[in-house]
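For reference, the structure is listed below as structure tokens.
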Amino acid sequence: MKIYNTLTKKKEEFEPIEPGKVKMYVCGPTVYDYIHIGNARPYVIFDCIRKYMEYRGFEVNYVQNFTDVDDKIIKKANDEHVDMQVISDRYIKEALQDAEGLNVKKPSSTPRVTEEMDEIIEMIDTLIQKGHAYVVGGTVYFDTKSFKGYGKLSGKNIDDLEAGARIEVDTDKKHPCDFVLWKPNKEGEPKWVAPWGDGRPGWHIECSVMAKKYLGDSIDIHAGGEDLVFPHHENEIAQSEAANGVPFSKYWLHNGFINIDNEKMSKSKGNFFTLREIAAEIPYDVIRFFILSGHYRSPINFSRELMTAAQHGLDRIKECIKSIDFIAQNATATEMSADETALVAESNKFRRDFEESMDNDFNTADALASIFDFVKFANIHVTATASKPFATEIKDNILQLCDVLGIQTTAENVQFSMTDEEIEACIAERQQAKAAKDFKRADEIRDQLNSRGIVLQDTPSGVRYSHKSL
RNA sequence: GGCGCCAUAGCCAAGUGGUAAGGCAGAGGUCUGCAACACCUCCAUCCCCAGUUCAAAUCUGGGUGGUGCCUCCA
């Protein structure tokens, strides 16, 4: 399994620190609002990577945090005249709902900053003790010059950064790159008691602390959006390695951005969308499928037109599954023919292709091509069979690959506008009409059902019905 | 100013040395009582120029056009 490591800028063979186990940390959202469509990408892709590793037999300890103390949350809380926790609780709940919609497996742990304050203070204290941090007034800064590896992840040179510094230099800092570990609270802001003064933690320290607490000093994979490379992840490395004295994360993974109509999403451009808004019009599974249709490190563009194309592609897969599932349930033969046994063996090539793609830095676009190849194979061979075991075998194999990508294929709880009995009665009547060559009546029944969102399909194994929208 | 990334058919998108996966859309055909689903066939020589090589979309240099980070940000 090869994995692109931002730290070394190369694809490397994946070897976990502890054989068979993967310790993975993914930076989670700041919960001041619904998560936006851009957040959906790391949710989906790192979930998919996790699932593939589990498919490969690794035991994955997957941690994703929630940042629940932040200026934006405080502002919103003040605007609504409620406690900060009311805001963060609300949007954590919503984020979890979105994650579920995207078919993201629940992380092993989802820590929140406000519940890790003791450990945060402890790590800052360690950094001060070790001479990697200093206090000015009530503010604690990390001393970037004291950590010789600073810049190794982002490829930035600390002195170039100084020269190009765009923001006003905080004169309290020893170096412009020094960043805040702890800052005093302002009037009306939440605060925690700390040895160097009441206040709250800076943004970067939380991830170092939570990774350490839930996974250990050295972890296998640290992931997040590409914009986090600098300064956030660079700073995390500095904090963790300075405090713990061992390498922080072995592999660093970063996902590319989602653009909207070829532009970066931003509030000022007016093209900012929450996932919830999008999901109101585009099913979650289409959004997930769309995200997986490109390589995770490349930027992808989001538009109505592309969603429609993704919808159709996904429908093709789902249609196939439904079709072979119908055969698996209705086929009468209980034995596989010799030809079919050979076909099952032949179909293993799709799994091999799939694995090869995923082994190559989680190339989901390529893996999807294997699934489409498999779908075509199934459409040709399974629809021609009357063998239950054959149909079942192929179905199970496709489903297993789809599960790795998180493509939801299980018969969802479809709510028809009629009961199954009613539908089946209509079908029976139509079959009679057909037998009597009364095609006018047969078509009438089909049209009636169609207008109620139910599509009939005549197959050799019987009449199948499904939802119009699939 | 510093550090990156990208450029493949109408659209999306794999492929990083041996003569272009897959999906969407489109055209024609088969199946069907008619449909639907499905299947078959057709649909690119990989931004430009130069170079390396028996061989390049794939490597090197130059150019053009995009774009990201350096500031909260997935």
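Letters A, B, ... mirror the listed sequences (proteins, then strands); counts begin at 1.
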Worksheet, complete the sentence: Regarding the side chain of A:Asp373, the nearest nucleotide among B:rG22, B:rA36, B:rA74 is B:rG22

Fill in: Nearest listed nucleotide, side chain of A:Leu228, among B:rA14, B:rA36, B:rA74
B:rA74

Worksheet item: What integer number of Å spans the P atoms of B:rU67 and B:rU8?
Response: 15 Å

Discussion item. Counting the benzene-type ring for Trp, do A:Phe179 and A:Tyr141 have ring centres under 6.0 Å apart?
Written reply: no

Worksheet item: Given B:rA25, is OP1 or OP2 found less than 4.0 Å from the side-chain N or O atoms of A:His312?
Response: yes

Fill in: Salt bridge flag under 4.0 Å for residues A:Asp70 and A:Arg200
no

Discussion item. Let's test your reading of the model: under 3.5 Å, does the base of B:rA74 pair with the side chain of A:Arg41 as donor and acceptor?
Written reply: no

Discussion item. Need one value for A:Ile37: base, sugar-phosphate or nothing, where a base atom within 4.0 Å counts as base even if backbone is also close, heavy atoms only.
Written reply: nothing

Worksheet, complete the sentence: Quick note, A:Arg464 side chain, CB onward, closest among B:rG15, B:rC37, B:rG2 is B:rC37

Worksheet item: Base, sugar-phosphate, or nothing for A:Gly313, non-hydrogen atoms under 4.0 angstrom?
Response: sugar-phosphate

Discussion item. Give me the distance, rounded to whole Å, that separates B:rG18 from B:rA50 when you measure between the P atoms they each carry.
Written reply: 24 Å

Item to complete: Determine the interatomic distance between P on B:rA20 and the same-named atom on B:rG1; round to the nearest Å.
Response: 41 Å

Discussion item. What's A:Lys437 touching, base or sugar-phosphate or nothing? Going by heavy atoms closer than 4.0 Å.
Written reply: nothing

Worksheet item: How far does the C1' atom of B:rA44 sit from the matching atom of B:rA9, given to the nearest Å?
Response: 4 Å

Item to complete: Any strand is fair game: report the nucleotide pairing with B:rG1 by Watson-Crick or G-U wobble, both distances under 3.5 Å, or none.
Response: B:rC70

Practice prompt. Give the ring-plane orientation class for A:Phe377 versus A:Phe374, where under 30° counts as parallel, over 60° as perpendicular and anything between as tilted.
Written response: perpendicular

Discussion item. Distance check, rounded to the nearest 0.5 Å: A:Arg430 atom CZ versus A:Arg446 atom CZ?
Written reply: 5.0 Å

Discussion item. Just by distance, no angles: are the side chains of A:Glu355 and A:Tyr55 close enough, under 3.5 Å, to form a donor-acceptor pair?
Written reply: yes

Worksheet item: In whole angstroms, how far is the C1' atom of B:rA74 from the CD1 atom of A:Ile287?
Response: 15 Å

Discussion item. Over all strands shown, is A:His254 touching base, sugar-phosphate only, or nothing at heavy-atom distances under 4.0 angstrom?
Written reply: nothing

Fill in: For atom CD1 of A:Ile454 and atom P of B:rC37, their distance in whole Å
17 Å

Fill in: Nucleotide of B:rC72, B:rA36, B:rG22 approaching A:Lys72 most closely (side-chain heavy atoms)
B:rC72

Worksheet item: Between B:rA74 and A:Asn255, is there an OP1 or OP2 to side-chain N/O distance shorter than 4.0 Å?
Response: no

Worksheet item: Which part of the nucleic acid does A:Asp353 contact within heavy-atom distance under 4.0 Å: base, sugar-phosphate only, or nothing?
Response: nothing

Worksheet item: Which part of the nucleic acid does A:Ile258 contact within heavy-atom distance under 4.0 Å: base, sugar-phosphate only, or nothing?
Response: base

Worksheet item: Does a donor on one side chain and an acceptor on the other come within less than 3.5 Å for A:Tyr52 and A:Asp359?
Response: yes

Discussion item. Distance check, P atoms only: B:rC46 and B:rA21, in whole angstrom units.
Written reply: 15 Å

Practice prompt. Measure the distance from CG on A:Asn379 to P on B:rA36 and round it to the nearest whole Å.
Written response: 16 Å

Discussion item. Quick test of the criterion, 5.5 Å between centres and less than 30° between planes. Is A:Tyr43 stacked on B:rA74 or not?
Written reply: no

Worksheet item: Within 45° of the axis and under 6.0 Å from the centre of the six-membered ring of A:Tyr34, does NZ or CZ of A:Arg276 qualify?
Response: no

Worksheet entry | 5' precedence on RNA chain B between A:Asp227 and A:Asp458 (nearest-nucleotide basis) | A:Asp458

Worksheet entry | Complement of B:rA7, any strand, by Watson-Crick or G-U distances under 3.5 angstrom | B:rU64

Worksheet item: What is the distance from atom CD of A:Gln97 to atom CG of A:Leu275, rounded to the nearest 0.5 Å?
Response: 10.0 Å

Worksheet item: Would A:Thr385 and A:Glu340 count as having a side-chain donor-acceptor pair, cut-off 3.5 Å?
Response: yes

Discussion item. Side-chain N or O of A:Lys11 versus OP1/OP2 of B:rU16: is the shortest distance under 4.0 Å?
Written reply: no

Worksheet item: Partner of B:rU58 by Watson-Crick or G-U wobble geometry, both contacts under 3.5 Å, or none?
Response: none

Worksheet item: Looking at B:rG33, does its base get a donor-acceptor pair with the side chain of A:Asp443 below 3.5 Å?
Response: yes

Worksheet item: Across the strands shown, which category fits A:Arg304 at heavy-atom distances under 4.0 angstrom: base, sugar-phosphate, nothing?
Response: nothing

Practice prompt. State yes or no: are the ring centers of A:Phe290 and A:Phe302 separated by less than 6.0 Å?
Written response: yes

Worksheet, complete the sentence: When both distances are under 3.5 Å in a Watson-Crick or G-U wobble arrangement, the nucleotide paired with B:rC42 is B:rG26

Worksheet item: NA contact type, A:Thr383, heavy-atom cut-off 4.0 Å: base, sugar-phosphate, or nothing?
Response: nothing

Practice prompt. Taking the six-membered ring of A:Phe230 (Phe, Tyr or Trp), confirm whether the NZ or CZ of A:Lys156 is under 6.0 Å from its centre and within 45° of its axis.
Written response: yes

Item to complete: Would you kindly give the CG-to-C1' distance between A:Leu456 and B:rC34, to the nearest whole Å?
Response: 13 Å

Item to complete: For B:rU45 versus B:rC5, give the span between their C1' atoms, rounded off to a whole number of Å.
Response: 25 Å

Item to complete: Could you check how far CD1 of A:Ile291 sits from P of B:rA13, rounded to whole Å?
Response: 14 Å

Pairs under 3.5 Å (N/O, protein and nucleotides 5-11 of chain B):
none

Worksheet item: B:rG33 base stacked by A:Phe439? Criteria: ring centres under 5.5 Å, plane angle under 30°.
Response: yes

Discussion item. Check this one for me: any side-chain N or O of A:Arg316 less than 4.0 Å away from OP1 or OP2 of B:rC39?
Written reply: yes

Discussion item. Pick the closest RNA chain B nucleotide for A:Ile380 and for A:Phe290 by heavy atoms, then say which residue is nearer the 5' end.
Written reply: A:Phe290

Discussion item. Nearest whole Å is fine: how far is B:rU67 P from A:Phe257 CZ?
Written reply: 15 Å

Discussion item. Say we look at B:rU58 and B:rU19: how far apart would their C1' atoms be, to the nearest angstrom?
Written reply: 12 Å

Item to complete: Counting heavy atoms from C-beta on, name the nucleotide in B:rC39, B:rG15, B:rA74 closest to the side chain of A:Lys376.
Response: B:rC39

Discussion item. Side chain of A:Asn39 only, heavy atoms from C-beta on: which candidate in B:rG33, B:rA74, B:rC70 is closest?
Written reply: B:rA74

Discussion item. With a cut-off of less than 4.0 Å, is there a side-chain N or O of A:Asn301 near OP1 or OP2 of B:rC12?
Written reply: no

Worksheet item: Given that both distances must come in under 3.5 Å, which nucleotide forms a Watson-Crick or G-U wobble pair with B:rU19?
Response: none

Item to complete: Would you mind reading off the distance between A:Asp366 atom CG and B:rU16 atom C1', rounded to a whole angstrom?
Response: 13 Å

Item to complete: Using the C1' atom as the reference point in each nucleotide, state the distance between B:rU16 and B:rC6 in Å, no decimals.
Response: 14 Å

Practice prompt. Using atom CZ of A:Phe372 as one end and atom P of B:rG23 as the other, report the distance to the nearest whole Å.
Written response: 7 Å

Practice prompt. Measure the spacing between OG1 of A:Thr6 and NE2 of A:His233 and express it to the nearest 0.5 Å.
Written response: 9.0 Å

